[in-house]
2 protein chains.
Amino acid sequence: MYGPSKRTRRATAADVARLAGVSRSAVSRAFTKGTYLDAEKRERILLAAEEIGYRPNALAAGLQGQQSNLVAIFVGDMPNQYDKEAAASLATGLNAAGKWPIMIGGSDAVARAAASRVLSFPLEAMILRSGSLGADVAATCIKMGVPVISSGRIIEQDGVDNICVRNREGMREGVAHLIKGGCQRIAYIGGPSSFSSAPERRAGCLDALGGLELIAECEGLYTMESGYDAARALLKERRPDAFVCANDAMALGAMTYLREAGVCIPDDIALLGFDDIEMSGWPAFDLTTIRNPIDDMVAAITELLHRRAMDPAKEGEVILLDTKLVKRSSSRRLLPDR
Amino acid sequence: MYGPSKRTRRATAADVARLAGVSRSAVSRAFTKGTYLDAEKRERILLAAEEIGYRPNALAAGLQGQQSNLVAIFVGDMPNQYDKEAAASLATGLNAAGKWPIMIGGSDAVARAAASRVLSFPLEAMILRSGSLGADVAATCIKMGVPVISSGRIIEQDGVDNICVRNREGMREGVAHLIKGGCQRIAYIGGPSSFSSAPERRAGCLDALGGLELIAECEGLYTMESGYDAARALLKERRPDAFVCANDAMALGAMTYLREAGVCIPDDIALLGFDDIEMSGWPAFDLTTIRNPIDDMVAAITELLHRRAMDPAKEGEVILLDTKLVKRSSSRRLLPDR
DNA sequence: CCAGAATGTGCACACGTGTTCATATAGATG
DNA sequence: CATCTATATGAACACGTGTGCACATTCTGG
């Protein structure tokens with residue numbers, strides 16, 4: 001042990017070459033498919049590499065025009081459950097596709113600064129999964145030549161690929177289900193207007209109402225607490241027979257308040273959410289909701305990543321995902337289903 | 001537009017130099033603090049860089065002995081809520097510390113393979129946040145000269161830094177609180193024995209019982225469903241007055257079953273969890289639990305990262321985190337407290 | 001005015017890898 | 001045997017950057 005700092009030096013191809021008694025080129029070839037190299041020699045090299053813990057340095061390889069496989073995922077501060085679940089699935093999905101997802105998150109200022117700095121890596125793409133901000137981040141990426149994939153919010157910009165769920169159609173189907181079940185006096189708990197999903201889901205609700213108007217309405221923050229508060233506020237007004245919520249977190253908050261208030265679900269008031277987060281399926285809640293399909297989203301993103309790699313100059317496209325109405329007990333009225 | 005593939009070429013320092021009419025060295029210096037460079041010239045360079053969207057290539061810089069700031073986070077399949085919350089906080093925390101967290105996750109085989117391949121990057125550390133597996137991954141990392149930080153499970157191996165919560169002491173305090181509140185017939189829902197936290201927490205429970213024995217006991221999977229099933233199974237046995245659960249997810253599952261069964265919490269049966277996941281604080285649950293401090297964990301990890309950077313050859317150390325008993329209504333007995 | 005320090009700048013090297021190129025050897029084909 | 005092809009291998013280059021080095025210029029103090 002000559003120098004303490006030397007101890008941690010990473011093994012290099014030259015080290016392996018020396019140990020195996022071959023040229024450095026041979027070592028490189030040993031790790032590359034489809035090259036001419038004596039089989040016995042290759043084995044000897046791989047063995048030597050294993051012995052001293054060598055692996056080709058991805059940084060140096062990337063410098064050589066090799067695919068970096070690095071991908072950044074920009075999540076906001078992930079306030080609600082759905083964002084967390086989506087981020088986790090996305091990361092593991094990319095992983096399975098051989099990509100290396102770098103997570104960028106935290107509070108607005110921190111995340112935005114990090115998003116800017118991470119561009120010093122030759123990213124294969126920047127994936128935006130933050131409902132609210134992101135348009136300026138996208139602009140910076142495009143300028144740097146880094147492809148952008150926006151999920152959950154459509155960004156109108158050259159070269160930006162978009163993935164979005166059919167918010168309006170989904171909500172329309174959900175509310176239609178409530179109406180078919182006998183609900184007539186519907187109150188709506190909406191999301192913050194800074195999220196593009198909020199007005200779309202509200203529009204879907206109005207679609208299903210036909211000419212009818214909402215009994216009452218207010219705007220929440222997509223959090224459970226705000227759903228709780230909203231339910232309390234709306235209950236004071238003209239007695240509704242259904243709460244339609246722009247996402248599951250708020251629906252679960254509303255459910256909590258209604259139970260505390262002694263309201264029977266769904267007989268007195270039916271409840272509808274949006275997203276189908278894991279918790280909504282738990283027996284304790286059993287919330288009827290509209291599934292925002294995470295697996296489809298992940299599949300679409302890896303697909304877009306692939307297409308972009310094939311043709312870096314291709315036009316940006318928009319992929320729309322279908323929702324699925326998940327009927328559970330929070331909407332199972334005892335009234336005759338028409 | 002001469003060639004379509006040329007279009008996406010990343011801007012290089014030489015491009016900036018040409019545009020700004022300076023040497024390439026000057027460009028490099030413009031982006032480095034503490035170098036001699038005419039102020040007016042630096043500004044001109046930065047402006048030119050901004051114009052063509054240039055940023056120093058982290059790959060090439062890393063090749064130069066520069067810190068990579070890359071960190072891998074190995075999470076298992078994140079079956080339970082606490083893992084998801086911890087992973088999210090860890091990622092954003094590292095972010096704020098100027099690190100780039102690469103998430104590695106998914107099913108066992110996929111994650112393990114990915115963990116091996118990610119070592120081709122010059123990682124500053126591999127952070128293990130998977131309760132069960134990980135020892136073999138750690139061995140590979142150490143061999144490659146990549147420092148390992150294990151969180152939630154202590155790995156006895158040279159050069160591995162460990163962070164762990166005081167499971168035993170925490171659980172002891174929690175159960176003592178129940179006993180002080182009048183509980184005498186305690187049933188225990190444990191975690192899978194493959195997680196090192198499971199036996200520790202159980203030991204803490206037994207500590208608090210003094211000579212007493214558990215009324216009943218079974219082993220769950222740290223999931224809500226298994227907690228639900230366990231509660232049903234245990235309720236058939238000699239009537240307990242408290243359920244102690246090895247984590248919050250199982251406690252919430254148990255709570256769900258008990259409510260369905262018409263059992264009053266906490267008057268008939270008190271409930272104790274472990275972790276203090278976000279949901280436990282929601283009014284719908286209001287679960288008494290032992291906080292597994294995520295913020296402290298993140299702080300400890302960044303601290304260890306720093307120390308390791310200062311002295312790469314230092315010995316591995318063990319940091320133990322203190323829990324905090326969070327008293328909520330699931331343990332608030334009407335019986336006189338003492 | 002002079003010596004020395006402080007500041008500014010370009011050249012050239014090193015980092016670790018993949019790959020082209022030239023060359024050498026062995027095997028097949030006529 | 002002569003040619004041609006398939007296989008094997010090392011030398012050399014390129015990737016984009018940070019920085020040591022040598023040299024030029026300006027400033028400071030006597």
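Values below: all heavy atoms of this structure, side chains included; hydrogens, waters and symmetry mates excluded.
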Quiz item: Within a reach of under 6.0 Å around CD of A:Glu317, are more than 12 heavy atoms found that belong to other residues, nucleotides or ligands?
Solution: yes
Practice problem: Report, as yes or no, whether the 6.0 Å neighbourhood of atom CD on B:Glu303 holds more than 12 heavy atoms from other residues, nucleotides or ligands. | Solution: yes
So what does [X] touch, heavy atoms closer than 4.0 Å: a base, only the sugar-phosphate, or nothing?
X       : result
B:Tyr54 : sugar-phosphate
B:Thr32 : sugar-phosphate
A:Leu37 : sugar-phosphate
B:Thr12 : sugar-phosphate

Self-check item: Gap separating the CG atom of B:Leu305 from the CG atom of B:Leu94, nearest 0.5 angstrom
Solution: 6.5 Å
Can you tell me the distance, in whole Å, between the [atom1] atom of [X] and the [atom2] atom of [N]?
X       : N      : atom1 : atom2 : result
B:Leu63 : D:dA14 : CG    : C1'   : 12 Å
A:Arg42 : D:dT7  : CZ    : P     : 13 Å
B:Arg29 : D:dT17 : CZ    : C1'   : 12 Å
B:Leu59 : D:dA14 : CG    : C1'   : 15 Å
A:Glu40 : D:dA8  : CD    : C1'   : 13 Å
B:Arg55 : D:dT17 : CZ    : P     : 13 Å

Practice problem: Kindly state whether the ring of A:Tyr54 and the ring of A:Phe31 have centres lying under 6.0 angstrom apart. | Solution: yes
Quiz prompt | Leading and trailing nucleotides of DNA chain C with any atom under 4.0 Å from heavy atoms of chain A | solution = C:dG16 to C:dT20
Quiz item: Is it true that B:Asp38 and B:Arg42 make a salt bridge, defined as a side-chain N closer than 4.0 Å to a carboxylate O?
Solution: no
Quiz item: Is any side-chain N of the basic residue among A:Arg307 and A:Asp311 closer than 4.0 Å to the acidic one's carboxylate O?
Solution: no
Self-check item: Distance test, side-chain N/O of A:Lys41 to OP1/OP2 of D:dT9, below 4.0 Å
Solution: yes
Quiz prompt | Position toward the 5' end of DNA chain C (nearest nucleotide), A:Ala58 or B:Ser25 | solution = B:Ser25
Quiz item: If each of A:Ser23 and A:Tyr36 is mapped to the nucleotide of DNA chain D with the nearest heavy atom, which maps nearer the 5' terminus, i.e. the 5' end?
Solution: A:Tyr36
Quiz prompt | Upstream residue (5' side of DNA chain D) when A:Ala39 and A:Arg24 are each assigned their closest nucleotide | solution = A:Ala39
Quiz item: Just checking, is any N or O donor in the side chain of B:Arg129 or B:Ser151 under 3.5 Å from an acceptor N or O on the other one?
Solution: yes
